[in-house]
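So the structure is just underneath, and the comments pick up after that.
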Amino acid sequence: MGTKELIDEGKTALGIEFGSTRIKAVLVDDKGNPIAQGGFGWENQYVDGIWTYSLEMIWKGLQDAYADLLKDVQEKYGTVIKTVGAIGFSAMMHGYMAFDKDDNMLVPFRTWRNTITEEAASQLTSELGFNIPQRWSIAHLHQAILNKEPHVKDISFFTTLAGYIHWQLSGQKVLGVGDASGMFPIDSRTRDYNKDYISKYDSIISSYGFPWNIEGILPKVLVAGEDAGTLTEEGAKKLDVSGNLQAGIPMCPPEGDAGTGMVATNSVAVRTGNVSAGTSIFAMVVMEKALSKVHEEIDVVTTPVGDDVAMVHCNNCTSDINAWAGIFREYSAAMGIEVDTDKLYTTLFKAALDGAPDCGGLAGFNYFSGEPVTGFDEGRPVFVRNVNADFTFANFMRLHLYSAVSTLKVGLDILLKDEGVKVDKLYGHGGFFKTKEVGQRIMSAATGGPITVMETAGEGGAWGMAILALYLMRLKEQGSGDCSLSEFLNKEVFAGEEGTTITADSEEIAGFDKFMETFNETLPIEKAAVDCMK
């Protein structure tokens, strides 16, 4: 069957992911191959001290990304999408979207990027005996309680961005277990919210006299492959303003970008892991056993099927690189030279490989926002050098690539060295790895081990979400859930694909370690920048 026929007969799967700077839609065929895509660029807004996206922008972005996909389908295959086999939505994890009994949003969307919940996160980590990072949904809720915000008593439901989109299009207040694990701790044995922590939290807030309990306002947890409802008539019109899309399409559980990253890199099995590096950066390893103790630098979340995952999450990665790329673009324009974007980034990244392994004594911090791993509520991008530093273009670029992954290394050292967590394969994906070899070699120098990039890794989380939708399709076709997600990925999606593996040499690894000594010694400079530059 040709691609056009697959589209016309609805034998495709659709994944749409809300990233921090782009909403991307990917349509795949019945084998998981991408056949069309669309996108919409957007940016968060800083309003009244809160990083947010407006509801208007959320819906405009979704509709425009889908319309862009339709355009791609029309241009490539001369047809329109009327139905698909399954749809899935994913988005940035965590954050806070709270609604009353009439489904009105009570306060503007508070994204994962906000570092305004330190008091709540610290109290909950202590009371529950489980690390609750600032960006988690429960931390945002509890901080609102501590702040005595009047809306809290009226909460009927709160969820993540992916959960919100799914609810609006299907009517179902559900969430994939991976995304749910960034709202409230999950018990990997039951694949549901941890009942002990549920009871503890209700006790913590009992004196406030709210008319709700925590489990009653959280979305229902589902695992990959479970039925999460269907696209409603109203939902079809909200998604496709052209009116061609039909209602009744099966929908898979909405997931977070961490879960779709695991799927996109085939790292959902025990002792596999991945590093997602874009606007933010995080590393995840599927664990064999629980950590020995609580580490505030490490989250415990889950795969889309509920297995425990150790996550090191950092708020900042490529934003400072992008800012410097903008400076080089402006310089080129001033010189009368128009530079292609891909060539610009490729040139900058490749230059870094010619730099000294320790960056020649240059130092810096890529903190656009706060970075809890190193104890910062706010950030200021900083570049600093000593008078005798080897200030070259190559060292300058290597410094900024090192800076993009340096805070991640702080957390990974705790996970891999102190806790002894084993990982057989670590996969890389995201914009940091787009230039061949460079990002892999830098990340390998940071981790001290091999980094693999799959050919499909560039497809990103939207493709991973489409694969989760395809998994639901496959289980429905088989009439059973006997095929595990890992088996499905290995046998049908990644069969025969090994990817490209790069391992940094001993000099590069030693150089990064020396750079990290400078990083730790100069952290007070970052603190001074935050204190002095208001």
Side-chain angles (χ1 to χ4, degrees), residues 13 15 17 32 86-91 93 160 162-163 166 172 174-195 218-229 250-274 276 282-290 299-311 421-425 427 429 456 461 463-495:
E17 180 159 287
I87 300 177
F89 294 91
S90 53
M93 290 176 67
T160 64
H166 184 96
Q172 301 297 310
V174 300
L175 203 58
V177 64
D179 205 6
S181 70
M183 289 194 74
F184 194 90
I186 294 290
D187 185 338
S188 60
R189 296 167 299 179
T190 63
R191 268 60 173 168
D192 202 351
Y193 300 116
N194 187 297
K195 297 298 185 186
L218 282 163
K220 179 183 177 182
V221 178
L222 299 175
V223 300
E226 286 193 297
D227 191 341
M251 295 179 67
C252 66
E255 263 299 347
D257 51 358
T260 58
M262 292 181 220
V263 172
T265 53
N266 193 19
S267 50
V268 300
V270 170
R271 290 179 62 136
T272 63
N274 75 90
S276 174
F282 52 85
M284 297 175 290
V285 177
V286 187
M287 297 187 294
E288 296 176 286
K289 59 182 181 180
D299 305 9
V300 178
V301 291
T302 77
T303 68
V305 295
D307 292 324
D308 281 337
V309 174
M311 172 194 276
V421 171
K422 303 299 182 184
V423 55
D424 297 329
K425 282 193 175 183
Y427 297 92
H429 67 111
T456 51
W463 179 72
M465 194 67 238
I467 295 303
L468 286 171
L470 185 64
Y471 179 54
L472 174 67
M473 283 174 57
R474 193 69 75 244
L475 295 183
K476 283 182 173 293
E477 291 168 359
Q478 296 173 351
S480 72
D482 292 340
C483 177
S484 72
L485 178 60
S486 182
E487 289 172 333
F488 171 72
L489 294 176
N490 287 323
K491 293 178 180 178
E492 297 196 37
V493 180
F494 293 97

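Numbers here simply count residues along the sequence, with the first being 1.
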In Å and rounded to the nearest 0.5 Å, what is the [atom1] to [atom2] distance from [X] to [Y]?
X    : Y    : atom1 : atom2 : value
M262 : S276 : CE    : OG    : 10.5 Å
L472 : D227 : CG    : CG    : 6.5 Å
I87  : H166 : CD1   : NE2   : 10.0 Å
D192 : F184 : CG    : CZ    : 11.0 Å
D308 : M287 : CG    : CE    : 5.0 Å
D257 : M465 : CG    : CE    : 11.5 Å

With [X], which residues qualify under salt bridge (Lys or Arg N to Asp or Glu O under 4.0 Å), at least two apart?
X    : result
D307 : R191
E487 : none
K220 : none

Sort out for me which residue in L222, T160, V174 forms a side chain to side chain contact (heavy atoms under 4.5 Å, CB included) with D179.
-> T160
Heavy-atom pair with the smallest gap, counting every atom of [X] and [Y]:
X    : Y    : value
A258 : M93  : CB-SD, 3.3 Å
L468 : P304 : CD2-CB, 4.4 Å
K476 : P250 : CE-CB, 3.8 Å
V268 : L485 : CG1-CD2, 4.3 Å
A228 : P253 : CB-N, 3.6 Å
N266 : Y427 : O-CE1, 4.0 Å

Assign the ring pair Y471 / F488 to parallel, tilted or perpendicular, where the plane angle (0 to 90°) is split at 30° and 60°.
-> tilted
Main-chain N/O of T260 paired to S90 side chain as donor or acceptor, under 3.5 Å | no
How would you list, by chain and number, every residue that makes a side chain to side chain donor-acceptor pair (under 3.5 Å) with K422, sequence neighbours excluded?
-> none
Sequence neighbours excluded, which residues qualify as ring pair (Phe, Tyr, Trp, His ring centres under 6.0 Å) partners of F282?
-> H313
Could you please spell out the steps behind the side chain to side chain contact (heavy atoms under 4.5 Å, CB included) verdict for D187 and Y193?
-> CA-CA 6 Å; D187 185 338; Y193 300 116; over 6 Å; no
Can L475 and C483 be said to form a side chain to side chain contact (heavy atoms under 4.5 Å, CB included), step by step?
-> CA-CA 7 Å; L475 295 183; C483 177; 4.3 Å; yes
Who pairs with A469 by side-chain contact (heavy atoms from CB on, under 4.5 Å), at least two apart in sequence or on another chain?
-> A13, A86, C252
